[in-house]
4 protein chains.
Amino acid sequence: MTKAEAKAEAKRDQRRREILDAAKDLFAERGFHSASISEIIKRAGIARGTFYLYFNSKDAVFESILELAIHELQVRIIGVDVDEGAPPPALQLNQNVSRVLSYMLSDRALIQLILAHGLPPDAPMAMRVDSFFAHVEELIASSLSYGMSVGLVRQCDASLTAAQILGSVRGGMRYLIQAQESFDVTEVASQLIDFALHGVIVSDLTRS
Amino acid sequence: MTKAEAKAEAKRDQRRREILDAAKDLFAERGFHSASISEIIKRAGIARGTFYLYFNSKDAVFESILELAIHELQVRIIGVDVDEGAPPPALQLNQNVSRVLSYMLSDRALIQLILAHGLPPDAPMAMRVDSFFAHVEELIASSLSYGMSVGLVRQCDASLTAAQILGSVRGGMRYLIQAQESFDVTEVASQLIDFALHGVIVSDLTRS
Amino acid sequence: MTKAEAKAEAKRDQRRREILDAAKDLFAERGFHSASISEIIKRAGIARGTFYLYFNSKDAVFESILELAIHELQVRIIGVDVDEGAPPPALQLNQNVSRVLSYMLSDRALIQLILAHGLPPDAPMAMRVDSFFAHVEELIASSLSYGMSVGLVRQCDASLTAAQILGSVRGGMRYLIQAQESFDVTEVASQLIDFALHGVIVSDLTRS
Amino acid sequence: MTKAEAKAEAKRDQRRREILDAAKDLFAERGFHSASISEIIKRAGIARGTFYLYFNSKDAVFESILELAIHELQVRIIGVDVDEGAPPPALQLNQNVSRVLSYMLSDRALIQLILAHGLPPDAPMAMRVDSFFAHVEELIASSLSYGMSVGLVRQCDASLTAAQILGSVRGGMRYLIQAQESFDVTEVASQLIDFALHGVIVSDLTRS
DNA sequence: AATGAATGAGGGTTCATTCAT
DNA sequence: CATGAATGAACCCTCATTCAT
């Protein structure tokens, strides 16, 4: 029976994924509110009731999608190790950004959802996403504080700057998904980081 | 009758503005979809039908709000004059950012709406806002290109970098409206610009 | 303006009553669950949304109906006054029953609803009705206790007997609404009371 | 094969009974409409489809339950034999009531269902129950008529009084299942009958 | 015989918009 | 001009029933 059960479970997972995919695309295209259950089930090719066999509510699908995405992002962001034997921080940074980048670019609908979910600001899930970004921002801020303490980072308001850095990455991503051309992830990651580290002015001029 | 007419028109404008204000706050607080006409008219203190005497639809109010905001932003963004007699570019830049900053901070609801309007991505107004930002982005990109051509800006992908700069400013604003404390606009503008120009790394280290 | 307002309010009340009447009939005919909003509005001749202009929910109409009915019954049930100058108790009793009887028979749908509302036993309104009957039962029980204490009523379990008396009245009413013929209310009230007081056996036989 | 078949049939009956029991409890607790198939099968410990192997529909289970109950009641109600050699009528009456009483009290869910089935008044089963009670009522009415003809029962409207008697028994039962205390069935049966026969007033007073 | 995933009609409710007053 | 009662399409969700396995 184990075999039959396994097969059934696989089929179930498959269905669940189909619904998630259909919902994700629609949420990305039209926002949470405008995407109706009717459209989701039409795109998923299932009946009305079937939807509720896999998810308790419209909110629940949305939550599943975002929760998964946030989790996937979370695991791709690894605190930089500054120990002796560790790889150079610059490389670690690049790897972090590259991982996030390649994940997001593998799923354009998702990035859309994360960057511009059309949820009421006071909705639980909106706050969940916000708190994720706040968490990342804190991570950046504390890195900046550390950098300042060791004289690597120039004196600045860590929180504000962290918000800017995160914003610049979001802006970069926005641009990348909209521009249809493909590109080298590592290369782009370098550019994103370079901007945050050195800005746009040529170094020589900053000296004068 | 000209006088009476003028008075009538003034009253009309006044009403219109009251509705716009009520709607703006609500849209900012709860997003476009969740803010209902019922709430708007309650807050504006008018009857249901009256609303439709001033605006053709819910979309129309939203459009008016954003259109006005975009216009206000537009006029505050002035291309940097690089002529001999003009003020130093750095100052002009700071003034641009300061103007935008002080306008947005004078109306937190508005900034909320612009940065995170809860509109379906495929809605006309959402595209209108996007195109505004795209316009600003192009402005930045062409500035960067010019800067590169005169050796002021280091070589980089102008479009991507422009997206990052815009993103960093948006990120900074997001942070500023959320942080409740007040601050000096010119000072903050400097920080926003400094980040975009020089990044976070101390200049000395970039030399080695 | 008072006149216009008064007229508007009268119209509003009229509408509300129409809906209540339509709903009451349907609830009586088909029970709470089976009576759908669709049917109610069809019978009331109004649009879907209009219903919700007058009642917050399906539950709310039902509650309004029952609450009103219970109130009307309540005011018709007056504790028997045993003071010297008061009318004879038997007459008071008859008047009580007559009042209740004539009210209920004026609205057959209502009596149906009260006697057999098809609500889940754990529903708030079902409990509301139950508690009304419990209240009446207590009234009867305490009358019986008093009657026993003064030797007017034979010794018996007051609560159980009260339940029987109430049941006999409910049973009588059930019969009366179902039997289509009209009748003299006071006469029937006498019969209802006589049964409760003396039962069915001829008095002479009880002596032996 | 007869043995195997018999065993299979026994198992089938067992299953059927399990479903009936689960359904009966749920119907009693939550009413017909609010009790869902999902809950029934969960309580019965069977799969969704299995339910429909034993019953054609939700209505069908309900029907089975009531039909059985009505049958059980029916067989417990035996017309009073007034022949010479028969036991005294009073005793026969008491035995009838006692039998019904003890059956109903052995299954509180059932009594709940019979006294207050939450079925739409126009549903076939509701009418079935009603017609059962109508039948009992007729039985009582004809007994009353006979009693009147032999001078045992005082003159009254036989139908109305029958309805009251039945009502008083129903009221008494309602009270008994709700009161949690246990009691002597024969004793209570006596009280129920005494009330119907003699009412509540002490006999002496009726003479005056 | 038993399963449980799938179905879809129908439920109650909301809300942008219209129009008679 | 202003009002607010009226509208009805569209929404999310439930649940009795079916059917392939």
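Below, chain A is the first sequence line, B the second, and so on; all start at residue 1. Note that the structure is a prediction, hence the values are computed from the model and not measured.
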**Student:** Using a heavy-atom cut-off of 4.0 Å across all strands, would you classify D:F55 as base, sugar-phosphate, or nothing?
**Tutor:**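 No contact at all - D:F55 keeps every heavy atom at 4.0 Å or more from the nucleic acid.
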**Student:** Please report, rounded to the nearest Å, how far the C1' atom of E:dT7 is from the CZ atom of A:R15.
**Tutor:**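 Spelled out: CZ on A:R15 to C1' on E:dT7 is 11 Å.
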**Student:** Quick check on F:dA2: is either OP1 or OP2 less than 4.0 Å from any side-chain nitrogen or oxygen of B:Y54?
**Tutor:**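 For F:dA2, OP1 or OP2 has a side-chain N or O of B:Y54 closer than 4.0 Å.
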**Student:** Nearest whole angstrom, please: distance from the P of E:dG12 to the OH of C:Y52.
**Tutor:**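 Answer to the nearest Å: 7 Å.
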**Student:** Within this structure, what is the CZ-to-P distance between C:F62 and E:dG12, rounded to whole angstrom?
**Tutor:**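 Distance check: C:F62 CZ to E:dG12 P gives 13 Å.
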**Student:** How many Å lie between CZ on A:F51 and P on F:dC11, as a whole number?
**Tutor:**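 Roughly 14 Å, once rounded to whole Å.
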**Student:** One pair to check against salt bridge (Lys or Arg N to Asp or Glu O under 4.0 Å): D:D21 and D:R43. What are the steps and the verdict?
**Tutor:** CA-CA 9 Å; D:D21 283 346; D:R43 192 172 294 204; over 6 Å; no
**Student:** What is the nucleic acid contact for C:R16, judged by heavy atoms within less than 4.0 Å: base, sugar-phosphate only, or nothing?
**Tutor:**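 Nothing, no heavy atom under 4.0 Å.
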**Student:** Which base sits across from F:dC19 as a Watson-Crick or G-U pair, both distances under 3.5 Å?
**Tutor:**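 Result: E:dG4.
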**Student:** Quick check on contacts: within residues 22-48 of chain A, what sits under 4.0 Å from DNA chain E by heavy-atom distance?
**Tutor:**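 When residues 22-48 of chain A is checked for heavy atoms under 4.0 Å from DNA chain E, the hits, listed by number, are A:I46, A:A47, A:R48.
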**Student:** How long is the line joining CD of A:E9 and P of E:dG4, in whole Å?
**Tutor:**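 It works out to 13 Å between those atoms.
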**Student:** Grab the CZ-C1' distance between B:R12 and F:dC1 for me, whole Å please.
**Tutor:**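 Rounding to the nearest Å, CZ of B:R12 and C1' of F:dC1 are 9 Å apart.
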**Student:** Could you point out which residue of D:L113, D:L66, D:L119 forms a side chain to side chain contact (heavy atoms under 4.5 Å, CB included) with D:F27?
**Tutor:**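 The passing option is D:L113.
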**Student:** When you check the gap from the basic side-chain N to the acidic O, do D:R128 and D:E63 get nearer than 4.0 Å?
**Tutor:**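 D:E63 and D:R128: not salt-bridged.
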**Student:** From the options F:dC13, E:dT17, E:dG12, select the nucleotide whose nearest atom is closest to the side chain of A:S57.
**Tutor:**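 Looking only at side-chain atoms, A:S57 lies closest to F:dC13.
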**Student:** Are any of the side-chain heavy atoms of D:S64 and D:E67 separated by less than 4.5 Å?
**Tutor:**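 They are not in contact (no side-chain heavy atoms under 4.5 Å apart), so the answer is no.
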**Student:** Pick the closest DNA chain E nucleotide for B:G49 and for A:K11 by heavy atoms, then say which residue is nearer the 5' end.
**Tutor:**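 With B:G49 and A:K11 compared, the 5'-side residue is A:K11.
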**Student:** Got A:D107 and A:K24 here, is their nearest side-chain heavy-atom distance under 4.5 Å?
**Tutor:**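 SC-SC contact between A:D107 and A:K24 confirmed.
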**Student:** Mind telling me whether B:H33 and A:H33 have parallel, tilted or perpendicular rings, with 30° and 60° as the class edges?
**Tutor:**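 Aromatic pair A:H33/B:H33 classed parallel.
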**Student:** Rounded to the nearest angstrom, tell me the gap between atom CG in A:N56 and atom P in F:dC15.
**Tutor:**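 From A:N56 CG to F:dC15 P: 13 Å.
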**Student:** Separation of B:Q14 atom CD from F:dC1 atom P, in whole Å?
**Tutor:**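 Value for this atom pair: 15 Å.
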**Student:** Checking base pairs now: Watson-Crick or wobble, both atom distances under 3.5 Å. What partners E:dT13?
**Tutor:**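 Pair assignment: E:dT13 / F:dA10.
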**Student:** Using a 4.5 Å cut-off on heavy atoms from C-beta on, say whether the side chain of C:R12 contacts that of C:Y54.
**Tutor:**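 They are in contact (side-chain heavy atoms under 4.5 Å apart), so the answer is yes.
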**Student:** Taking only N and O in the side chain of D:T50, is any of them less than 4.0 Å away from OP1 or OP2 of E:dT3?
**Tutor:**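 Yes, within the criterion.
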